[in-house]
Every structure is written in structure tokens, then in C-alpha cells.
Amino acid sequence: MIGEYTLGAIVAPLVAVALALVLRTGLLRRGRFWLTVAITMAFQIPVDGVLTRLSDPIVSYRPGATCGIRFPWDIPIEDFGFGFALVVCTLSIWVRLRQGSATEATGSRREVTTAGSHR
């Protein structure tokens, strides 16, 4: 039987990627996005390592909620799925909102012709 935290860590990235595709942000094709994911993970590893270390945990998981695989520094691998989903969802929504406001700004701008009349 699969734990609910493990199930969520599998479903969350899939939903996040689907959201990015539905919003048509092009985010997943950008090198800057993958750099952002790498930077996020670089900070997540030491922080999560301190929070979840088995020798003195600040955050503990109910037995059976996770798959039991911990890497590196006792970090449940499920945490990486949720971290990735968080970054993808946040940036997808942000990019989409920026795309929408750019479209609004250009659509509402009136053009001045050489004769000085407005269109």
C-alpha cells in the first residue's frame, strides 16, 4: 500500500506540469526555469536536511505515510516532488498573469497617427 504523502508527491508534480501546459506559459522549455529549480533544490536540501534528520527531527512523518526512501541527509524523497510542484505552480501562475497584463497593456494603448488623431 502506498502512503498518502507518497501519493501526493507523485500527483502534485503531475498536476503542476499539467497546469503549466494548460496555461501555455512555455515555462518548462526555458533554461531559466530549470536553473530556478536547481537553485531552489540547492537551498531545500540543507534546510530540509536539518528539519527531517532522523537523529533529531523537527518534522517527523507518520510511519507508512512515506515510502521510506531518504536521500540525502535523511530527507524523504517525497519532499522533492512537493518542492518541484510548488515552484512550477507558482511560476506558471506568475508568468501567466504577467502575460495577461502585457496583453491588456498593449490592447488598451491608443495609437497616435501622423495626423495627430487617435485610433
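None of the values given here were measured: they were computed from a predicted structure.
When all heavy atoms are compared, the tightest approach of Asp74 to Ser55 is OD2-N, 4.5 Å. Of all non-hydrogen atoms in Tyr61 and Pro76, the two that sit nearest each other are CE1-CG, 3.3 Å. Of all the heavy atoms in Gly83 and Gln44, the pair that sits closest is CA-OE1, 4.1 Å. Across all non-hydrogen atoms, the minimal contact from Pro13 to Gly8 is CD-O, 4.3 Å.
With values rounded to the nearest 0.5 angstrom, Leu28 atom CG is found 10.0 Å from Leu91 atom CG. Rounding to the nearest 0.5 Å places CD1 of Ile75 at 4.5 Å from CG of Asp48. Taking CD1 of Ile77 as the reference point, atom OG1 of Thr66 lies at 8.5 Å (rounded to 0.5 Å). We find the CG-CG distance between Leu97 and Leu23 to be 8.5 Å, quoted to the nearest 0.5 Å. Distance check: Glu78 CD to Glu4 CD gives 10.5 Å after rounding to the nearest 0.5 Å.
Placement of Val59 and Leu86 in two distinct hydrophobic clusters is found when ILVMFWY residues are connected by side-chain heavy-atom separations under 4.5 Å, directly or transitively. Residues Val95 and Val17 share a hydrophobic cluster, clusters being chains of Ile/Leu/Val/Met/Phe/Trp/Tyr side chains in contact below 4.5 Å. In the hydrophobic cluster analysis, where Ile, Leu, Val, Met, Phe, Trp and Tyr join through side-chain heavy atoms closer than 4.5 angstrom, Phe80 is grouped apart from Leu7. Note: the hydrophobic cluster containing Phe33 also contains Leu21 (ILVMFWY, side chain heavy atoms under 4.5 Å, direct or indirect links). Hydrophobic clustering keeps Leu54 apart from Leu51 (ILVMFWY residues linked when any side-chain heavy atoms are closer than 4.5 Å, directly or through intermediates).
For the pair Val88 and Leu19, the minimum side-chain heavy-atom distance is 4.5 Å or more.
The 12-atom threshold is not exceeded at CZ of Arg24, counting heavy atoms of other residues, nucleotides or ligands nearer than 6.0 Å.
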Practice prompt. Could you go through the side chain to side chain contact (heavy atoms under 4.5 Å, CB included) check for Val50 and Trp73 one step at a time?
Written response: CA-CA 8 Å; Val50 169; Trp73 300 326; over 6 Å; no
Worksheet item: Can you check side chain to side chain contact (heavy atoms under 4.5 Å, CB included) on Trp94 and Leu27, steps first, answer last?
Response: CA-CA 10 Å; Trp94 182 11; Leu27 189 67; over 6 Å; no
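Proximity of a side-chain donor or acceptor of Thr25 to a complementary backbone N or O of Ser92 within less than 3.5 Å is not detected.
A parallel orientation is assigned to the rings of Trp34 and Phe84, their planes being inclined by less than 30° (bins at 30° and 60°).
Applying the side chain to side chain donor-acceptor pair (under 3.5 Å) criterion to Arg32, with sequence neighbours excluded, gives no partner residue.
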